[in-house]
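Note: hydrogens, waters and symmetry copies are ignored here, and every other heavy atom, side chains too, is used. To find a chain, count down the sequence lines: A is the first, B the second, and so on, and within it residues start at 1.
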Number of protein chains: 2
Amino acid sequence: MYEALDRMSSQIAGAPTGTEHVRRQNIALILRSLRTEGPATRTELARRTGLAKATVGTIVGDLRAGRAVSEDESVSSGRGRPGRPVTLTGESIIGLGFEVNVDYIAAVALDLAGTVKLIETRPVTAGHPPDIEQLVGVACEIRDSLIADGHTVVGATIAVPGLVSHDNRTVVWAPNLGWDDVKLASDLEDAFRDPCPTTIDNDANCAALAEASHGISTDSASSLYLTGTVGIGAGIIEDGRLLRGGSGFAGEVGHMPIGDPTSVCGCGRLGCWEASIGLRAMLRGVGMSEHETPVKTATAVAARAERDQGVRDALEDLGRDLGTGIATLATVLNPEVIVLGGYFVPLGEYVVPAAGRVLEERLPSAAMHLPEIRLSSLGIHAAALGAAEGALAGVYAGNVPV
Amino acid sequence: MYEALDRMSSQIAGAPTGTEHVRRQNIALILRSLRTEGPATRTELARRTGLAKATVGTIVGDLRAGRAVSEDESVSSGRGRPGRPVTLTGESIIGLGFEVNVDYIAAVALDLAGTVKLIETRPVTAGHPPDIEQLVGVACEIRDSLIADGHTVVGATIAVPGLVSHDNRTVVWAPNLGWDDVKLASDLEDAFRDPCPTTIDNDANCAALAEASHGISTDSASSLYLTGTVGIGAGIIEDGRLLRGGSGFAGEVGHMPIGDPTSVCGCGRLGCWEASIGLRAMLRGVGMSEHETPVKTATAVAARAERDQGVRDALEDLGRDLGTGIATLATVLNPEVIVLGGYFVPLGEYVVPAAGRVLEERLPSAAMHLPEIRLSSLGIHAAALGAAEGALAGVYAGNVPV
DNA sequence: TGACTTAATTCAAGACTCGTACTAAACCTG
DNA sequence: CAGGTTTAGTACGAGTCTTGAATTAAGTCA
């Protein structure tokens with residue numbers, strides 16, 4: 001697991017490097033090893049990382065002092081002095097993730113060991129989406145209670161359904177929330193009493209990260225996450241890193257001009273992909289109406305499909321359109337794994353086979369590996385979980401002192 | 001210039017970090033600064049990089065000993081002791097790039113200063129494409145002559161028209177050359193008498209790198225290079241890094257299923273993009289025939305277009321199809337700059353305006369910046385130049401000792 | 001000529017990693 | 001149960017690198 005994280009040891013370009021940087025890098029190396037390959041004795045860690053035993057000793061000592069790791073019972077391996085394995089602990093360091101959506105705010109707190117320490121969803125007043133004060137309130141409250149419990153919150157990330165600036169600090173445009181050019185990161189950092197580095201990210205990006213770190217695509221460093229709701233969003237992970245594009249808007253795949261050229265999209269144009277495979281288009285195809293949420297809607301459709309050939313046929317059509325877009329994306333990005341989320345999950349068995357067939361037909365060359373299509377495993381909290389993961393990323397990358 | 005290079009200071013993930021690594025990183029920092037912002041005195045370099053004056057002093061001393069930089073005349077700035085600026089020099093360190101194509105092998109030698117020290121194109125025996133022995137022969141000969149002149153060749157990269165493995169060592173499939181699963185990097189490293197790290201890359205990737213480091217897109221860290229020949233290839237640069245995909249085959253955009261669904265592609269399928277905008281499709285559109293090379297062909301078409309409205313109309317159609325694909329790619333990747341190369345260059349004035357209009361129409365949101373469409377500026381040696389640049393990348397990234 | 005100003009180098013201090021030697025804690029053998 | 005064996009972890013000195021302060025170098029200006 002966590003292979004994607006293994007590649008995250010990037011560093012700020014252009015910064016002078018000194019010996020404290022070396023230490024941070026090696027701390028991160030040990031943390032990643034503990035996370036990726038599990039608890040280990042100091043000697044074992046030295047073997048895994050290539051560091052000298054003495055170095056591992058001092059670093060583990062520091063980490064223990066900072067309560068980032070704890071020492072387990074001695075474990076004898078037959079001969080010789082038994083080792084004392086160390087484990088990542090949830091005692092101290094916490095990454096905090098939130099997802100703001102039209103009808104709820106979700107929160108996840110993740111410790112270094114990858115354990116979810118807190119997970120909750122708060123519905124917001126029906127009718128109108130949450131405003132910034134509401135989010136700030138929830139975020140401060142949850143963060144304060146974690147701190148009161150003795151945790152150190154090393155960062156927070158907010159997942160937002162919309163366009164986020166390249167520096168991950170501003171919500172440029174979130175039509176569903178009615179947010180426009182909101183300097184959310186600064187707002188939150190001001191609201192938090194102590195310093196707490198805060199970033200914003202697109203919800204599909206966060207969900208992609210969640211699947212790559214805790215979900216169904218942990219075995220791959222190059223994956224593509226597609227979420228189906230009314231629109232279609234994507235999170236692209238390339239070599240363990242999120243692909244953001246020049247202004248941070250990469251992955252807005254819903255409006256690729258590859259759908260049925262006669263169908264009208266919500267954006268007013270013709271032929272957008274999501275005009276063919278968005279939730280509404282799916283419902284039109286099967287002749288059903290919308291429930292409260294996309295997933296509930298799709299669950300109802302799946303139930304109907306079980307005994308209605310017409311619905312199954314419509315879903316197969318949908319699968320083919322889905323496959324065309326997936327083939328386009330796979331041709332450009334060459335991911336190893338494609339994860340389908342949102343409303344596609346309940347419809348998986350009806351949609352994925354057709355999509356897979358189109359993908360296979362459209363593969364540019366036999367030499368190219370066929371990406372594997374999988375269904376998301378994380379459900380509603382994917383984005384918040386990925387956000388929490390993102391908040392911890394700095395620690396594992398060696399950019400945040402522990 | 002060279003903004004893309006500024007982001008390249010990545011490092012091998014998972015390697016233990018010691019003090020010699022710190023030194024390499026800081027050496028690279030100074031080299032990048034000299035390249036990006038030009039010659040400077042030690043004090044000026046300290047200011048630019050944030051390093052201590054003493055550190056800059058010792059590093060510059062080492063670089064001078066290794067003949068990577070040289071000291072210029074003293075330059076007085078009014079008051080005080082005049083500084084002695086140092087400049088990157090071409091005396092010693094060289095990156096070597098080759099491009100193998102159907103009818104030629106091109107070579108470029110690039111020094112640290114970014115000066116082209118050698119550039120040549122060798123036609124190969126007409127009729128059949130070069131074989132591996134031929135390439136090995138040329139590469140060894142050119143490398144030996146550079147070494148004889150006192151240069152140190154720090155690496156070589158070969159640009160190949162085809163699929164290259166993710167580790168950049170094997171040509172998986174190059175149909176035009178008739179190469180199939182060739183372990184080219186190892187073959188060359190064996191043939192070079194002294195050690196010379198050698199990598200292989202796709203020709204469009206190399207050309208993209210060339211444009212980003214020496215060409216028309218040096219001002220951007222996120223660019224997309226599209227080359228038009230019989231097929232359509234792409235090189236994607238994201239945050240200064242080439243996007244390679246899970247198995248290294250990213251950018252095979254020619255077979256995206258977004259073209260006219262009735263036109264047959266060379267690969268046998270229908271609707272591939274290159275079946276609509278490849279060289280042959282363009283020629284069918286304007287009713288002309290092929291010359292020796294795509295660029296010569298396109299030049300002839302451009303000449304005809306000057307006085308033939310029918311040709312201009314056909315090219316405008318082509319531009320729209322080009323624009324559709326560009327819109328698709330821009331929606332997914334959100335590049336700042338799109339560079340058109342290959343046969344598109346001579347036809348720029350007839351094709352780009354239509355493509356730009358489609359792109360503008362198809363932009364997912366007004367908040368998204370419109371990528372700028374530019375024409376390649378480097379001509380036939382782009383790929384070899386980019387390959388040479390790639391061979392030097394390790395030096396600027398601090399991965400190669402100087 | 002002497003004061004000033006800025007550039008570059010020297011030097012000692014501090015932060016690391018690393019290999020070696022040494023101590024600690026188990027099991028095994030007779 | 002005592003002594004040997006084996007493996008884990010630590011102490012310590014050496015080596016590398018950055019850094020800030022002090023020092024030296026090389027000009028201009030009055």
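- As a whole-Å value, the separation of A:L45 CG from C:dC18 P is 14 Å.
- From B:F192, atom CZ reaches atom CZ of B:R143 across 5.5 Å, with rounding to the nearest 0.5 Å.
- Distances shorter than 4.0 Å separate none of the side-chain N or O atoms of A:R79 from OP1 or OP2 on C:dA25.
- In this structure, CD1 in A:I30 is found 5.5 Å from CG in A:L51, a value given to the nearest 0.5 Å.
- Counting atom types as modelled, A:R81 pairs a side-chain N or O with a base atom of D:dA8 as donor and acceptor under 3.5 Å.
- Heavy-atom nearest nucleotides on DNA chain C were determined for A:P82 and for A:E20, and the one closer to the 5' end corresponds to A:E20.
- Rounded to an integer number of Å, the gap from CZ of A:R64 to C1' of D:dG9 is 12 Å.
- The distance between atom CZ of A:R23 and atom C1' of C:dC18, rounded to the nearest whole Å, is 13 Å.
- Applying the 4.0 Å criterion to OP1 and OP2 of C:dT17, one finds that B:T19 has every side-chain N and O outside that range.
- Nearest nucleotide to the B:K53 side chain, out of D:dT19, C:dT9, C:dC16: C:dT9.
- Distance, A:Q25 CD to D:dC17 P: 17 Å, rounded to whole Å.
- Following rounding to the nearest Å, B:E71 (CD) and C:dA7 (P) show an atom-to-atom distance of 14 Å.
- Salt-bridge annotation for B:K53 and B:E44: absent, with no side-chain N of the basic residue lying under 4.0 Å from a carboxylate O of the acidic one.
- Rounded to whole Å, the distance from CZ on B:R42 to P on D:dT18 is 16 Å.
- Map A:R84 and A:T58 each onto its nearest nucleotide of DNA chain C; the residue landing nearer the 5' end is A:T58.
- Of the charged side-chain nitrogens involved, none lies within less than 4.0 Å of a carboxylate oxygen, so that B:D201 and B:R169 do not count as a salt-bridged pair.
- Judged by distance alone, with hydrogens and angles left aside, the side-chain atoms of A:N168 form a donor-acceptor pair with the main-chain N or O of A:I200 at under 3.5 Å.
- If A:G80 and A:G18 are placed on DNA chain D by their nearest nucleotide, the residue sitting closer to the 5' end is A:G80.
- Contact between the side-chain N/O atoms of B:N26 and the OP1/OP2 oxygens of D:dC17 is not found at any separation under 4.0 Å.
- Of the candidates C:dT6, D:dC12, C:dA25, D:dC12 carries the atom nearest the A:A54 side chain, counting heavy atoms from C-beta on.
- Residue A:T43 is in sugar-phosphate contact alone, with no base atom involved, counting any heavy-atom pair closer than 4.0 Å across all strands shown.
- Taking atom CD1 of A:I30 as the reference point, atom C1' of C:dT17 lies 12 Å away to the nearest angstrom.
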